[in-house]
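Residue numbering restarts at 1 for every chain, and letters A, B, ... go by the order of the sequence lines. Scope of the values below: all heavy atoms of this structure, side chains included, with no hydrogens, waters or symmetry mates.
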Number of protein chains: 2
Amino acid sequence: MARAATTSDAFNALAERRRRDILSYLAMRERSVTEIVDAMEMEQPSVSKHLKVLKGVGLVEVRREGRQMLYKVNAMAIRPLHEWTSTFERLWKHQLLGIKERAEANNARKQ
Amino acid sequence: MARAATTSDAFNALAERRRRDILSYLAMRERSVTEIVDAMEMEQPSVSKHLKVLKGVGLVEVRREGRQMLYKVNAMAIRPLHEWTSTFERLWKHQLLGIKERAEANNARKQ
DNA sequence: TTGACATATTTCTATATGGGAATATATTGA
DNA sequence: TCAATATATTCCCATATAGAAATATGTCAA
């Protein structure tokens, strides 16, 4: 078997940096494909293909306005990622606390 | 160009479901490869390869104990994902609020 | 040293990609 | 109807998988 399809879920779709960049750009507001192309400095066909993947997993929504296609983020689709990572939050906070404590113990020794 | 390597960053490494499962399992505590194999119901070589990818991006750490290799999560490496998704939190909360308001307006109309 | 156990690596293969280039489709205004 | 604008699709190709199978490496205990 090969890697899971980019369109299989949000995790796979967002593995690609360019698609995360596009989503971040869309976070401000709805944008046309041309606006995305200009902002991202990518070829238009590439942008269209990335948008297709994002749409495939429900990360963006589209509506037509004349000849333009206006894309916007569907933030709800990002929640599964946020929630999965949140289950580890306790762990890294614990890690950070350990680092802080060791640093303070070090400082005390140096005084 | 093809897809970015699974080892290029945490986003790519975690796109694979099996690797997320392994990390979730390790969230409880340090585990040997055999324990992971038994829990995940995967072939041992597959587990070793997934662990190699996870280690490659710093998502796990290993230490040897006799003939066993004990793997544990490095939760810090998950933070970039958490933080990236957090930038959209405001948006989905806004979405949820909208859904709630529409539901309430609907209820009021039906009374 | 040898055998058993634990883990890692190699080889193979089908498959899906991302980008580039070219082209197709859709919509508008004249 | 036609040209211009906006977007999508197709074709090509180098590349990196994940899993299966076989094998290699490392460590201990007797």
Which donor-acceptor pairs under 3.5 Å do side chains of residues 31-43 of chain A form with protein atoms, sequence neighbours excluded?
unit_1  : atom_1 : unit_2  : atom_2 : d
A:Arg31 : NE     : A:Tyr25 : OH     : 3.4
A:Arg31 : NH1    : A:Tyr25 : OH     : 3.4
A:Ser32 : OG     : A:Glu35 : N      : 3.2
A:Glu35 : OE1    : A:Ser32 : N      : 2.9

Per-pair distances, 0.1 Å, donor-acceptor, side chain in residues 69-77 of chain A, under 3.5 Å, sequence neighbours excluded:
unit_1  : atom_1 : unit_2  : atom_2 : d
A:Asn74 : OD1    : B:Gln95 : NE2    : 2.8
A:Asn74 : ND2    : A:Gly58 : O      : 2.9

*asked:* Can you work out whether A:Met42 or B:Val62 has the more 5'-proximal nearest nucleotide on DNA chain C?
replied: B:Val62
*So, are A:Arg63 and A:Glu61 salt-bridged, with charged N and O less than 4.0 Å apart?*
no
*asked:* Tell me the interatomic distance from A:Met40, atom CE, to C:dG19, atom C1', rounded to whole angstroms.
replied: 17 Å
*Rounded off to whole Å, could you give me the NE2-to-C1' distance for the A:His50 and C:dA16 pair?*
14 Å
*List for me each residue that meets side-chain hydrogen bond (donor to acceptor under 3.5 Å, both in side chains) alongside A:Thr7, sequence neighbours excluded, and say none if there are none.*
none
_Going by the rule side-chain hydrogen bond (donor to acceptor under 3.5 Å, both in side chains), which residues pair with A:Thr6 if we only count those two or more places apart in sequence or in a different chain?_
none
*For atom CG of B:Leu70 and atom P of D:dG26, their distance in whole Å*: 19 Å
*At under 4.0 Å, does any side-chain N or O of B:Tyr71 touch on OP1 or OP2 of C:dA8?*
yes
*asked:* Contact list please: residues 2-32 of chain B against DNA chain C, heavy atoms, distance less than 4.0 Å, in numerical order.
replied: B:Ala2, B:Arg3, B:Ser32
*Kindly write out the residues that satisfy side-chain contact (heavy atoms from CB on, under 4.5 Å) with A:Lys52, not counting sequence neighbours, or none if the list is empty.*
none
*Name all residues meeting the side-chain contact (heavy atoms from CB on, under 4.5 Å) criterion together with A:Ala2; count only those two or more places apart in sequence or in a different chain, and write none if there are none.*
none
*Measure from the side chain of A:Met69, starting at C-beta and using heavy atoms only, and say which of D:dA8, C:dT7, C:dG19 lies closest.*
D:dA8
*Apply side-chain hydrogen bond (donor to acceptor under 3.5 Å, both in side chains) to B:Arg79 and list each qualifying residue two or more places apart in sequence or on a separate chain.*
B:Glu83
*d(CD, A:Gln68; P, D:dA8) in whole Å*: 11 Å
*asked:* Tell me the interatomic distance from B:Asp38, atom CG, to C:dC5, atom P, rounded to whole angstroms.
replied: 14 Å
*Let me know the distance between CG of A:Leu54 and P of C:dG18, rounded to the nearest Å.*
10 Å
*Are any of the side-chain heavy atoms of A:Asn106 and A:Arg102 separated by less than 4.5 Å?*
no
*List the protein contact pattern of nucleotides 20-30 of chain C with one symbol per nucleotide (5' to 3'): B for base contact, S for sugar-phosphate-only contact, - for none; contact means a heavy-atom distance under 4.0 Å.*
B-B---SBB--
*Nearest-angstrom distance from the residue atom CE of A:Met1 to P of D:dG19*: 6 Å
